[in-house]
Amino acid sequence: MTHFEDREQQAAISRLLLYYLNAPVAEGCRLRGVLPAPDAVRIAVHAGDDEGGDTFLYEIPLNTVAPGYIPGVLRTVLSGTQLYSSDDISDAMGMTLIRLHPENITLDPEPEQGQALSVLRALSDPGEDENPFLIGFLMKSHSRMRLYVQHPGHSGIIGADIRLTDTLTALIASIPSLIEEEQYHQPASDDPHCELLVDLTGW
């Protein structure tokens, strides 16, 4: 990976983790920073309350996992007991630095909020502000979410119901074409925020 590609990946990780400034990464653990390092990213996490506790730096090599997996790696590491080799522990800036090996970590299932965030991020491309696709959403019960979308070239708003699962990637990529298929269309009689509904919960 070139130096420029390192920077691009570190920037992508920083954007991805911004959400955790307002929400815990795991119970009792809050994001404090995302720091660049040679061939790696270091994520500062404070464990404990604001007055007490400790801040740790978790180092993740850039070439081991895609940026989208990093929240899951952190959540798994912070939620359970982990054993580290003394070679993987050192100090940096007064914080305990722990080098992680994501290829050896089995990720815990992603919570519903994380799955929803993954869908919304994937469908909200900031480069398409003049012709947005995703214009709203509503979390519903039983791991369901309604997406309010507007297909390019159409004026009406479509409500697309999806089920949050661990295998959303193919569905996310297919939503723009699936909402065009009439077999999924239903009247939006109970929702004044869209003109028709598309039920993709069984897809």
Side-chain angles (χ1 to χ4, degrees), residues 12-31 34 43 45 47 65-80 102 105-203:
I13 293 165
S14 292
R15 285 192 301 272
L16 187 64
L17 293 176
L18 288 176
Y19 164 80
Y20 295 101
L21 286 171
N22 288 325
V25 181
E27 187 174 348
C29 299
R30 292 203 166 263
L31 180 73
V34 181
I43 300 155
V45 175
V65 291
Y69 285 92
I70 287 181
V73 169
L74 287 174
R75 186 177 62 252
T76 300
V77 166
L78 296 169
S79 299
I105 297 171
T106 301
L107 299 187
D108 289 343
E110 188 173 22
E112 184 177 283
Q113 293 88 345
Q115 292 171 334
L117 188 62
S118 296
V119 172
L120 297 172
R121 276 200 188 110
L123 295 175
S124 345
D125 181 354
E128 299 293 329
D129 286 345
E130 292 181 7
N131 196 7
F133 179 68
L134 178 72
I135 58 176
F137 67 94
L138 175 66
M139 294 296 297
K140 303 185 84 180
S141 60
H142 308 298
S143 297
R144 290 165 66 117
M145 181 166 63
R146 178 165 294 169
L147 304 170
Y148 293 95
V149 299
Q150 183 171 337
H151 201 281
H154 296 265
S155 59
I157 297 171
I158 300 169
D161 287 344
I162 65 168
R163 188 176 301 283
L164 297 170
T165 68
D166 291 328
T167 55
L168 284 168
T169 306
L171 174 60
I172 292 168
S174 302
I175 286 175
S177 59
L178 289 172
I179 62 172
E180 293 289 307
E181 296 185 20
E182 291 187 9
Q183 63 180 343
Y184 297 115
H185 291 186
Q186 301 174 4
S189 53
D190 67 338
D191 190 340
H193 307 97
C194 55
E195 293 184 8
L196 64 88
L197 289 176
V198 175
D199 186 357
L200 301 177
T201 57
W203 193 83

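Quick caveat: nothing in here was measured; it's all calculated off a predicted structure. One is the number of the first residue; the rest follow in order along the sequence.
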Worksheet item: Which heavy-atom pair separates T106 from T76 by the least distance, and what is that distance?
Response: O-CG2, 3.4 Å
Practice prompt. Please say whether more than 12 non-hydrogen atoms of neighbouring residues, nucleotides or ligands are located less than 6.0 Å from CD in E182.
Written response: no
Fill in: From R144 atom CZ to T201 atom OG1, the distance as rounded to the nearest 0.5 Å
4.5 Å
Worksheet, complete the sentence: CG (L74) and OH (Y20) are apart, to the nearest 0.5 Å, by 8.5 Å
Discussion item. Looking at Y69, I'd like to know if its OH atom is crowded, meaning that more than 12 non-hydrogen atoms belonging to other residues, nucleotides or ligands lie closer than 6.0 Å.
Written reply: no
Practice prompt. Evaluate the side-chain proximity of V25 to P71: yes if any heavy-atom separation is below 4.5 Å, no if none is.
Written response: no
Worksheet entry | For Y148, all residues meeting side chain to side chain contact (heavy atoms under 4.5 Å, CB included), sequence neighbours excluded | I135, L138, R146, I157, D191, H193, C194
Fill in: Heavy-atom closest contact (G136 atom, L134 atom, distance)
O-CD1, 3.3 Å
Fill in: Minimum heavy-atom distance M145-A116, with the two atoms named
SD-CB, 3.9 Å
Worksheet item: Once you round to the nearest 0.5 Å, how far does CG of D161 lie from CG of L197?
Response: 6.0 Å
Worksheet item: Just how far is it from atom CD1 of I158 to atom CZ of F133, taken to the nearest 0.5 Å?
Response: 7.5 Å
Discussion item. Nearest 0.5 Å, please: how far is CG in L21 from CG in L31?
Written reply: 5.0 Å
Worksheet item: Is M139 close to L164 at the side-chain level, that is, under 4.5 Å between some pair of heavy atoms?
Response: yes
Worksheet item: Does the side chain to side chain contact (heavy atoms under 4.5 Å, CB included) test come out yes or no for V198 and L178, once each step is laid out?
Response: CA-CA 8 Å; V198 175; L178 289 172; 5.6 Å; no
Worksheet item: Is it true that a side-chain atom of H185 and a backbone atom of I179 form a donor plus acceptor pair closer than 3.5 Å?
Response: yes
